[in-house]
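We count ligands from 1, going down the list as the structure has it; atoms in each ligand are counted the same way.
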Amino acid sequence: MLLSQTETSKSAAELAFVQVALPVPLDRLFEYSCSAKNLHAFQNGCRVVVPFGKKSLVGVVVSSADKSDYDLAKIKPLTSLIDETPVFSTSMIKLANWLADFYIYPVGEVYASMLPVLLRKVSSTKALAKKVINEDTKADTNEELKTISAELPLLAQLCAHQVSEEDIKKLHKSKRQFALFQALKEQPLALSQAKADYSPTIVKGLIDKCHAYIEETPPELGLWPTQAVLAEKKRANPEQAIAIASINQATEFTAFLLEGVTGSGKTEVYLQVIEEVLLQGKQVLILVPEIGLTPQTLRRFEQRFGNIVAVWHSALTDLERLTVWQQAKYNQIGIVIGTRSAVFLPLAKPGMIIVDEEHDESFKQQDTLRYHARDVAAYRAKQANISLVLGSATPSLESLHNALSHKFRHLSLKKRAGSASLPTQHLLDLTGVPVEAGLAPSMLVRIEQQLSQGNQVLVYVNRRGYAPALICKQCGHVESCKDCDNPYTVHLSSHNLQCHRCGQYQDYVYKCRTCHSSNITTQGIGTEQIQDMLAKRFANYSCVRIDSDSTRGKRKLNELLSAIGQNKHQLLVGTQILSKGHHFPNVTLAIILNVDAFLFSSDFRAPEKLAQLVTQFSGRAGRANKPGEVWLQSYQVGHPLLQDLVNNGYEQFSRLLLQERNRANLPPLAWQIALRVEHSDTALIMLFMQYANQLLAQFSQLSYVGPFPAGVEKKQTRYRFITVVQSSSRQYLNRAMTQAKQALGEHKLAARMRWSIDVMPSDFS
Ligand code: ADP
Ligand code: ZN
Ligand code: ZN
């Protein structure tokens with residue numbers, strides 16, 4: 001809606017006022033005026049365009065009133081209204097406000113980050129709106145409201161035209177176009193789906209030939225229940241049956257922790273409880289870790305329920321995201337499986353939220369709005385009065401604490417489903433043992449044995465690249481990135497030196513920069529080095545590397561995983577990526593190279609992370625009928641933590657850790673918020689953070705430690721420091737930090753520092 005210039009001169013009685021959330025880094029809403037007779041159109045949750053300084057911004061109406069407490073002369077009129085119906089429902093508005101309070105984050109930026117990118121900007125909004133405006137020639141009686149854009153681009157469908165036999169014959173030349181055309185003749189496809197399954201070029205080709213067209217009318221809402229397929233399910237074993245029955249019985253908000261060892265059939269439990277929810281015509285949101293969303297996972301859900309599943313992840317285009325957002329909001333799909341930010345998707349009929357591998361670190365966002373998707377999911381489930389199911393073989397101590405203190409219902413699956421048994425775990429003492437690319441001779445013997453029996457072997461190391469450092473044997477100089485004070489990692493495949501903090505790289509060096517000696521050597525072991533050694537040693541087998549270098553590109557990881565599934569590779573070397581949820585039935589031996597690094601970390605979560613890694617990684621072995629074996633190489637085999645973990649397993653180990661946290665008064669038995677500050681001048685950081693400490697000192701019921709250097713002490717020329725604030729009361733801590741933040745923002749250095757508040761920080765790097 002375009003408001004006339006005369007708007008400003010209207011008298012107060014003719015004006016109404018709306019509070020708008022704007023994407024600016026300020027903890028407040030902004031007031032604008034509109035004509036009183038149009039106030040009804042400015043519903044809460046609708047987007048508006050407003051003037052802000054010299055710019056135009058898209059904001060969200062949060063409330064409205066016919067009076068204002070401000071000086072009327074200073075209140076600017078709104079520029080236009082974008083939506084006829086709100087993009088934020090009442091409950092999503094509540095969620096946004098809660099997020100802003102809980103994470104102590106500017107409210108307008110929270111609203112913006114919950115929206116798909118295409119709905120955030122004036123430019124894209126206009127582009128979307130224009131089309132609808134032009135087509136909408138039906139005159140509105142109210143002139144001022146006429147140019148309201150209809151809500152959003154509608155769900156675009158790709159449909160087949162009627163085409164002559166002759167043209168179809170011609171189409172045979174292009175196999176992919178022909179395949180798409182055949183598919184469309186069966187039934188129209190969502191445009192985004194067609195683009196993803198075939199390719200944007202194939203789609204365009206077919207449209208250009210006039211064999212297909214795009215239809216933008218929305219399909220009927222809520223149709224998916226009639227399209228859902230309920231394929232035959234597995235017969236649940238007794239443990240699964242108890243879990244399924246417990247979840248099905250819940251009629252109001254209940255949080256469940258499903259603690260089930262790897263391969264115990266947690267996914268099967270999800271599938272069966274989802275079925276019940278779908279039968280009630282309600283939607284299910286499933287959150288999975290960043291790299292857990294493989295075609296394998298998706299296929300399991302589609303095979304069971306048919307084509308009512310949408311996926312949401314970082315590789316989608318903006319338009320694809322918008323489509324999924326709409327499908328969820330308008331009840332066009334029954335299930336959304338997505339990574340972290342899917343937790344903000346609007347759901348027309350929420351029925352259940354599942355968080356798979358709930359311990360996974362990728363659920364915590366580590367910049368801007370530093371939310372934890374699991375905690376947001378809990379809020380949403382409670383708000384919608386539905387069930388929340390958190391599943392993991394290695395539950396976070398946070399969830400375990402909630403389960404053991406009966407805040408969550410605790411369900412457990414202690415045995416592997418089907419005939420598979422859990423792998424055995426062993427420690428290998430490396431002291432005095434000569435290693436080859438980090439591997440002990442006895443491990444090489446075991447690898448050989450397993451390979452010769454037609455099995456696959458996994459080797460884990462926590463570093464990618466060839467070696468984590470290049471040093472001069474003459475003078476000890478370490479080739480480092482100046483911007484980060486960080487040793488360069490040596491990369492063989494790209495033949496260069498890379499800084500893993502900032503991504504800078506430089507040519508490989510053959511002579512020491514300081515003393516010019518050519519006596520330089522690599523130090524430490526990375527994935528490339530192991531792959532190199534194993535490939536040479538076991539030349540008859542194929543050795544593949546799986547780390548963020550080798551899996552760059554949209555489909556690379558999936559291609560690698562499917563090649564492994566087809567037994568095209570026998571030796572698998574990789575980083576963390578390898579430990580995540582994959583099902584490799586042929587793996588019988590898993591070796592973990594560098595467990596000692598975790599034992600001497602200053603992060604109190606290191607033992608928890610080690611135990612999760614070891615257990616998840618072990619979980620990849622022996623998943624089918626063949627028994628699996630896991631070996632942890634260490635120079636510290638007597639370390640009580642390692643002994644505990646290997647001998648007693650995660651279940652017992654995690655409970656001991658929890659007791660230790662209790663004794664040490666650490667999370668989850670206390671609440672923490674971190675203040676993070678970055679600047680190139682440490683003296684300025686100290687000034688600023690000392691002032692923060694003074695502010696914090698006024699609050700009696702909290703304690704703080706810091707400033708101390710972050711795990712990553714320097715990055716891109718900026719030093720990084722942290723102060724951790726702690727209290728036994730979450731509300732108290734939140735109120736104190738909210739006040740401290742406000743006061744800190746008024747400090748003269750505040751605008752020069754990069755600083756942020758991290759509520760319930762999950763690591764201190
Ligand atoms: P998790 O999610 O706990 O890792 P999955 O659900 O992937 O476990 O199950 C592991 C394997 O066991 C899968 O191949 C699955 O098909 C199988 N499975 C699960 N439940 C059953 C069951 N009740 N009967 C037979 N096989 C099952
Ligand atoms: Zn030197
Ligand atoms: Zn760097």
- Any idea which of E239, E268, Q240, K234 brings a heavy atom closest to atom 23 (N) of ligand 1? Q240
- Item | Note: E268-R304 ion pair, threshold 4.0 Å (strictly below) | yes
- Message: Is it true that, when you exclude Y505 itself, more than 12 heavy atoms of the residues, nucleotides or ligands shown sit nearer than 6.0 Å to its OH?
- Response: no
- Query: Is there a heavy atom in R416 that sits closer than 4.0 Å to ligand 1?
  - Reply: no
- Task: Look at atom 5 (P) of ligand 1 and find which of A393, G265, A236, A241 reaches it with the closest heavy atom.
- Result: G265
- Query: With a 4.0 Å cut-off, would you call K364 and D758 a salt bridge?
  - Reply: yes
- Task: Report yes or no: does G263 have a heavy atom closer than 4.0 Å to ligand 1?
- Result: yes
- When you look at CZ of R655, are more than 12 heavy atoms from neighbouring residues, nucleotides or ligands closer to it than 6.0 Å? yes
- Item | Heavy-atom side-chain proximity of H359 to S399 below 4.5 angstrom | no
- Note on the structure: Note: SG(C512)-the Zn ion (ligand 2)-SG(C475) angle, rounded to 10 degrees, equals 110°
- With a cut-off of 6.0 Å (strictly less than), are more than 12 heavy atoms of other residues, nucleotides or ligands near NZ of K282? no
- Task: Would you kindly specify which portion of E357 sits under 4.0 Å from ligand 1, judged on non-hydrogen atoms: side chain, backbone, both or neither?
- Result: neither
- Using 2.8 Å as a strict upper limit, say whether an N, O or S atom of H516 approaches the Zn ion (ligand 2) that closely. no
- Item | ligand 1 atoms in contact with N237 (distance to a heavy atom under 4.0 Å) | 23 (N)
- Task: Determine, for R605 against E398, whether the closest basic-nitrogen to carboxylate-oxygen distance falls under 4.0 angstrom.
- Result: yes
- Query: At a 4.0 Å threshold, what atoms of ligand 1 neighbour a non-hydrogen atom of R235?
  - Reply: 22 (C), 23 (N), 24 (N)
- Message: Let me check your reading of the structure: within less than 2.8 Å of the Zn ion (ligand 3), is there an N/O/S atom from H500?
- Response: no
- Item | Residue pair L497 / V490, side-chain heavy-atom distance below 4.5 Å | yes
- Sort out for me which residue in V355, I353, I386 forms a side chain to side chain contact (heavy atoms under 4.5 Å, CB included) with L285. I353
- Query: Given that the side chain starts at C-beta and the backbone is N, CA, C, O, which of these parts of T267 lies under 4.0 Å from ligand 1, counting heavy atoms, or is it both or neither?
  - Reply: both
- Query: At the Zn ion (ligand 3), what is the angle formed between atom SG of C499 and atom SG of C484, rounded to the nearest 10°?
  - Reply: 110°
- Query: What atoms in ligand 1 come closer than 4.0 Å to a heavy atom of A417?
  - Reply: 12 (O), 18 (N), 19 (C), 20 (N), 21 (C), 27 (C)
